[in-house]
There are 2 protein chains.
Amino acid sequence: MEYTRENISTKLRNHGINPTHQRIEIAHALFSRHEHLSADQVMAIVNTRHAETSKATVYNTLRLFLEKGMIRELVVDPTKIFFDPNTTPHHHMYEVDTGRLSDIHGDIQITGLPPLPPGLVTEGVDLIVRVRHAS
Amino acid sequence: MEYTRENISTKLRNHGINPTHQRIEIAHALFSRHEHLSADQVMAIVNTRHAETSKATVYNTLRLFLEKGMIRELVVDPTKIFFDPNTTPHHHMYEVDTGRLSDIHGDIQITGLPPLPPGLVTEGVDLIVRVRHAS
DNA sequence: AGGATAATTAGACAAAGTCTAGTATTTTGT
DNA sequence: ACAAAATACTAGACTTTGTCTAATTATCCT
């Protein structure tokens, strides 16, 4: 699938989001790349050439996308949150010395998880393999 | 094992850490409870009664303990880091609506992880089950 | 078009964590 | 035990990520 502005508008509408200029640009930044971006990276991408989108809008929009289930939040780096346009179940590798974050592909199985206490519902299961470069 | 100041001093020395007043108090805060504490929680515990330990020392000391492998860092909450005095392999459950973080007990197996790219070494594998209270 | 609603903005603010330069404590060598 | 050297601690300024607010602008609906 190609991420034209048109397609992105449709995608936004499908998620119940009003497609505005800024939202389209932010979604485009996330979906046209296949990377995990932090809020300030999104901000930088969207505002190359002319400043177009404010910090507040970037943060608001990312949280909106999150709530609507269009993207996923990754709490991995101690200093900032990354956003992942891929919402299908998959896991991550984090290079602690460089801050690089990448997907782990493959058929990963997790067994032996005890049942949840009553009243709790699973939101997601995050598996992060922390690695570093050999010295 | 009981966490007397004496025992904690020995533990610090075993990890190659010079046991000072502040370090003993911080280690005591972490090890005498069996909880995951954030830096400001440690700060608050250590400074009940009289203010004794500065913010800089709390942060420096926690990082020192980390480097020496005496505690473990948990990147789970988007706003703060938690420190875990239990360094044996185990996993966590995080209640996203309350911020509560707890251990998962049981024999959890993770299979299907692909081999690491050459030059990379595993630091650790973190598994976090994110849950919320049913509405 | 025009009023209502929704979205965006600049900039002030908050909180976690880092850094610095000076002071205090601890250790070491004699 | 004492002085010098090394290590540790401190207050407070600073940085960074993210939030909030009140005012402005864009969009939608009839």
Side-chain angles (χ1 to χ4, degrees), chain A residues 5 8-10 12-13 15-30 36-47 50-68 70-71 73-84 96 99 101, chain B residues 5 8-10 12-13 15-30 36-47 50-68 70-71 73-84 96 99 101:
Chain A
R5 264 57 174 179
I8 285 175
S9 280
T10 311
L12 288 168
R13 261 187 277 267
H15 281 86
I17 297 167
N18 220 324
T20 64
H21 275 188
Q22 288 87 339
R23 289 172 179 174
I24 291 170
E25 287 311 307
I26 291 169
H28 186 262
L30 282 161
H36 311 95
L37 299 178
S38 62
D40 56 317
Q41 286 176 312
V42 170
M43 179 101 178
I45 291 169
V46 163
N47 287 334
H50 322 291
E52 292 174 333
T53 305
S54 71
K55 188 166 68 148
T57 298
V58 170
Y59 279 94
N60 288 344
T61 301
L62 289 170
R63 289 216 300 169
L64 177 67
F65 288 1
L66 261 185
E67 281 163 25
K68 299 293 186 180
M70 220 177 76
I71 62 176
E73 185 184 41
L74 299 177
V75 182
V76 165
D77 182 298
T79 70
K80 65 184 73 150
I81 294 172
F82 282 96
F83 297 91
D84 189 343
V96 295
L101 180 61
Chain B
R5 264 58 174 179
I8 286 176
S9 280
T10 310
L12 288 168
R13 259 187 278 267
H15 281 86
I17 297 168
N18 221 325
T20 64
H21 274 188
Q22 288 87 340
R23 288 172 180 174
I24 291 171
E25 287 310 308
I26 291 170
H28 186 262
L30 282 162
H36 312 94
L37 299 178
S38 62
D40 55 318
Q41 287 176 311
V42 170
M43 179 101 178
I45 291 168
V46 163
N47 287 334
H50 323 290
E52 291 175 333
T53 307
S54 72
K55 188 165 68 148
T57 298
V58 170
Y59 279 95
N60 288 344
T61 301
L62 289 170
R63 290 216 298 170
L64 177 66
F65 287 2
L66 261 185
E67 279 163 27
K68 299 294 186 179
M70 221 178 75
I71 62 175
E73 185 183 40
L74 299 177
V75 182
V76 164
D77 181 298
T79 69
K80 65 184 74 150
I81 295 172
F82 282 96
F83 297 92
D84 190 343
V96 295
L101 180 61

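Order of the sequence lines fixes the chain letters, A, B, ..., with proteins taken first and strands second; residue numbering starts at 1 for each chain.
Contact annotation: the side chain of B:Phe82 approaches that of B:Gln41 to within less than 4.5 Å [non-hydrogen atoms, C-beta and beyond].
Within the 4.0 Å cut-off from OP1 or OP2 of D:dA26, not a single side-chain nitrogen or oxygen of A:Gln22 is found. Contact annotation: B:Tyr59 reaches the phosphate of C:dG17 (side-chain N/O to OP1 or OP2, under 4.0 Å). The side chain of B:Thr20 contributes an N or O atom lying less than 4.0 Å from OP1 or OP2 of D:dC9. Checking the phosphate oxygens (OP1, OP2) of C:dT8, no side-chain nitrogen or oxygen of A:Thr57 falls inside 4.0 Å. Look at A:Asn18 and you won't find any side-chain N or O under 4.0 angstrom from OP1 or OP2 of D:dT27. Residue B:Asn60 has no polar side-chain atom (N or O) positioned under 4.0 Å from OP1 or OP2 of D:dA8.
Atom CD1 in A:Ile81 sits about 12 Å away from atom C1' in D:dT19, given to the nearest Å. The interatomic distance linking B:Phe83 (CZ) with C:dA16 (C1') rounds to 11 Å, in whole Å. Distance A:Asn47 CG to C:dA10 C1': 13 Å, rounded to the nearest Å. Between the CG atom of A:Asp77 and the C1' atom of D:dG18 there is a distance of 14 Å, rounded to whole Å. Protein atom NE2 of A:His21 is 12 Å distant from nucleotide atom C1' of C:dA7, rounded to whole Å. Look at CD on B:Glu52: it is 16 Å from C1' on C:dA24, rounded to the nearest Å. A straight line from NE2 of A:His50 to P of C:dT9 spans 15 Å, rounded to a whole angstrom.
Annotation: of the two residues near DNA chain D, B:Ala56 and B:Arg23, the 5′-most nearest-nucleotide partner is B:Arg23. Between B:Pro19 and B:Lys80, the residue anchored closer to the 5' end of DNA chain C is B:Lys80, taking for each the nucleotide with the nearest heavy atom.
Side-chain to base pairing of A:Lys55 with C:dG11: no donor and acceptor N or O lie closer than 3.5 Å to each other.
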Problem set entry | Worked check of side chain to side chain contact (heavy atoms under 4.5 Å, CB included) between B:Asp77 and B:Leu101 | CA-CA 9 Å; B:Asp77 181 298; B:Leu101 180 61; over 6 Å; no
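Expressed to the nearest 0.5 Å, how far CZ of B:Arg63 lies from CD1 of B:Ile71 amounts to 11.5 Å. Rounding to the nearest 0.5 angstrom, the gap separating the CG atom in A:Leu30 from the NE2 atom in A:His36 is 10.5 Å. Taking NE2 of A:His21 as the start and OG1 of A:Thr53 as the end, the distance is 10.5 Å to the nearest 0.5 Å.
Within 4.0 Å of B:Ser38, counting heavy atoms only, lies no atom of the nucleic acid at all. At a threshold of 4.0 angstrom between heavy atoms, the contacts of A:Thr79 are confined to the sugar-phosphate backbone, with no base atom among them.
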